[in-house]
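Okay, structure first, notes after.
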Amino acid sequence: MGERRAVDVLVVGLGPGGAAAAGRAAAAGARVLAIERKKRIGEPVQCAEFIPAPLGRWAQDAGVLRQPIEGMKSFLPSGASEQSPFPGLMVDRARFDRALARRAREAGAEILTGVRLTGLDACARTAVLRLADGTSATVTYRALIAADGPHSPVAHQAGLPALPVVHTRQYTVELLQPYADTDIWLSDEFPGGYGWLFPKGPVANLGIGADRHFEDDLKAPLDRLHARLVARGLVGGAILSRTGGAIPVGGMRARLVVDSILFVGDAAGLTHPITGAGIAAAVESGECAGRAAARFARSGEEAVLAGYDEDMRDQYGATLERAAARRRDLERHWRTPSAQDDRTMRRGWIAFPEYFAR
Ligand SMILES: Cc1cc2nc3c(=O)[nH]c(=O)nc-3n(C[C@H](O)[C@H](O)[C@H](O)COP(=O)(O)OP(=O)(O)OC[C@H]3O[C@@H](n4cnc5c(N)ncnc54)[C@H](O)[C@@H]3O)c2cc1C
């Protein structure tokens with residue numbers, strides 16, 4: 001790609017946030033370069049693969065949609081459970097991400113895989129990239145979209161704080177009966193997180209999340225949950241694949257725009273601090289940031305960038321603040337007897353009216 005080059009918009013990371021951003025910016029006429037450090041977009045998958053129904057428009061490509069979901073069953077510490085409507089789709093996340101990237105390419109974005117951002121001078125609007133062949137290149141940009149996930153190397157390079165995260169561990173297991181709900185376990189066994197079983201046709205994603213301040217070992221509690229479901233005859237004993245990853249849980253960054261860098265998705269802290277869901281917010285923020293970056297590249301108007309920050313706060317601020325507040329409430333209970341009280345968990349989970357009470 002040459003040792004030095006200039007683009008309008010540099011997108012770092014091609015998860016759903018980066019691909020949506022690259023597509024929108026290119027469609028708006030910007031010269032877009034989008035880089036992804038993985039060799040193959042979307043792999044390895046680090047996701048439970050549930051998307052809310054409206055995102056189905058991104059799940060039209062062959063092989064992306066795996067099964068519809070009707071409801072959510074939330075299990076409380078006492079064993080009581082509550083069924084709620086929770087329509088959505090289970091997808092093949094790798095194919096989902098690649099479908100988004102394909103659309104970005106079709107819109108005119110240049111997409112490079114196996115390429116990593118290694119350096120950044122935000123004032124000079126210059127990034128250093130390590131290319132797939134091991135050589136380096138320098139890119140100057142008008143706007144940079146940081147769609148580089150929960151640990152955001154761009155944020156680190158720009159001197160911004162790391163986001164607090166919860167750690168997860170997930171097995172894919174055989175599903176022994178057809179299932180159309182997502183199951184959620186709320187318990188002191190998974191402090192700072194929860195357990196989940198998301199069905200995907202003949203298999204299911206079975207995982208847990210936990211806050212390392214309270215629980216360092218995710219394997220033992222996940223193995224116990226797995227053994228319980230095997231005993232119930234719901235899933236098979238074999239582990240077909242394993243994954244995990246970090247989920248930002250601190251809520252939105254204090255600033256989503258720094259110099260001409262726009263943060264989107266996980267890198268922006270838009271992931272829901274209670275549920276850990278972040279695909280929809282990544283796509284939506286990516287689209288918004290892509291539009292704003294293209295306009296800024298054309299006009300140089302700082303107000304366009306400020307408008308992106310404001311739009312995201314209007315759209316996500318209240319929801320994320322409530323979720324972050326509920327997390328803080330729960331932190332007082334983990335590893336104490338009250339964490340095994342159903343009333344505590346009801347206040348801390350989105351399926352219950354108590355969660356939305358003042
Ligand atoms: C186990 C697990 C289960 C989850 N389940 C769900 C779920 O069911 N539903 C849901 O909505 N959300 C779920 N999430 C959250 C969801 O996966 C994220 O919110 C979503 O991926 C955010 O998208 P993104 O584009 O912001 O970031 P990411 O998808 O993380 O993409 C960031 C990309 O940037 C790349 N990158 C990083 N650094 C560099 C660099 N220096 N140079 C170039 N590229 C770089 C990475 O390789 C990566 O591909 C889950 C998360 C985990 C860990």
Side-chain angles (χ1 to χ4, degrees), residues 7-36 51-59 96-97 99-101 103-109 111 122 125 141-150 152 154-155 158 160 163 248 251-273 277-321 323:
V7 297
D8 292 330
V9 180
L10 175 64
V11 178
V12 181
L14 276 160
R24 275 302 155 119
R31 283 172 305 158
V32 178
L33 173 64
I35 60 160
E36 166 55 53
I51 58 168
L55 270 195
R57 70 192 164 99
W58 297 108
F96 177 83
D97 284 12
L100 275 155
R103 291 198 205 186
R105 193 179 283 119
E106 285 168 5
I111 286 179
R125 296 184 183 170
Y141 57 83
R142 291 174 195 264
L144 185 152
I145 294 179
D148 50 349
S152 184
V154 171
L160 301 175
L163 299 175
M252 214 182 308
R253 279 190 183 281
R255 292 162 68 197
L256 297 187
V257 179
V258 175
D259 296 317
S260 64
I261 303 170
L262 295 82
F263 288 87
V264 309
D266 276 15
L270 294 176
T271 326
H272 195 282
I279 300 172
V283 171
E284 283 160 18
S285 60
E287 291 191 317
C288 254
R291 268 194 302 269
R295 274 186 63 197
F296 174 75
R298 212 168 38 241
S299 68
E301 284 171 29
E302 302 279 344
V304 174
L305 302 181
Y308 167 70
D309 186 293
E310 204 177 306
D311 283 354
M312 292 302 101
R313 271 170 223 288
D314 287 352
Q315 197 171 330
Y316 295 103
T319 304
L320 294 178
E321 273 162 30

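A quick note: this is a predicted structure, and the numbers were derived from the prediction, not measured.
Here the side chains of P16 and W58 are not in contact, with every heavy-atom distance at 4.5 Å or above. Annotation: side chain of I35 is not in contact with side chain of L14 (no heavy-atom distance under 4.5 Å). At least one side-chain heavy atom of V154 sits under 4.5 Å from a side-chain heavy atom of L144. In this structure the side chain of V32 reaches within 4.5 angstrom of the side chain of V11, judged on heavy atoms. Two residues are said to be in side-chain contact when any heavy atoms from C-beta on lie closer than 4.5 Å; F263 and I145 fail this criterion. In this structure the side chain of T319 reaches within 4.5 angstrom of the side chain of H272, judged on heavy atoms. In this structure, L305 and S260 have side chains that are in contact, with non-hydrogen atoms separated by less than 4.5 Å.
Between the CZ atom of R31 and the CG atom of L10 there is a distance of 12.0 Å, given to the nearest 0.5 Å. Distance check: Y316 OH to E321 CD gives 14.5 Å after rounding to the nearest 0.5 Å. Once rounded to the nearest 0.5 Å, the distance linking CG of L256 with CD1 of I261 reads 12.5 Å.
What you find for V304 and S299 is that their closest heavy atoms are CG2-OG, 4.3 Å. The heavy-atom pair separating G15 from E36 by the smallest distance is N-OE1, 4.2 Å. In plain terms, the two heavy atoms of A297 and D8 that are nearest each other are CB-CB, 3.8 Å. Here the closest non-hydrogen pair linking A59 and I51 is CB-CD1, 4.3 Å. The two residues L163 and A267 make their nearest non-hydrogen contact at CD1-O, 3.8 Å. The shortest non-hydrogen separation linking S152 to R253 is CB-NH2, 4.1 Å.
Around CZ of R142, the count of heavy atoms belonging to other residues, nucleotides or ligands within 6.0 Å does not exceed 12. Within a 6.0 Å radius of CZ in R103, more than 12 heavy atoms belonging to other residues, nucleotides or ligands are found.
Screening D266, L320, I279 for a side chain to side chain contact (heavy atoms under 4.5 Å, CB included) with T271, the sole residue that qualifies is D266. Applying side chain to side chain contact (heavy atoms under 4.5 Å, CB included) to S285 and the options M312, Q315, M252 leaves one that passes, M312.
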What verdict does the side-chain contact (heavy atoms from CB on, under 4.5 Å) test give for Y308 and V264, after you've listed the backbone C-alpha separation in whole Å, the side-chain angles of each residue and the deciding distance to 0.1 Å? CA-CA 10 Å; Y308 167 70; V264 309; 3.4 Å; yes
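In this structure, R125 is not positioned above the aromatic face of Y141 in the sense of NZ or CZ being under 6.0 Å from the six-membered ring centre and within 45° of the axis.
In terms of modelled atom types and a separation under 3.5 Å, the side chain of D148 and the main chain of G13 share no donor-acceptor contact.
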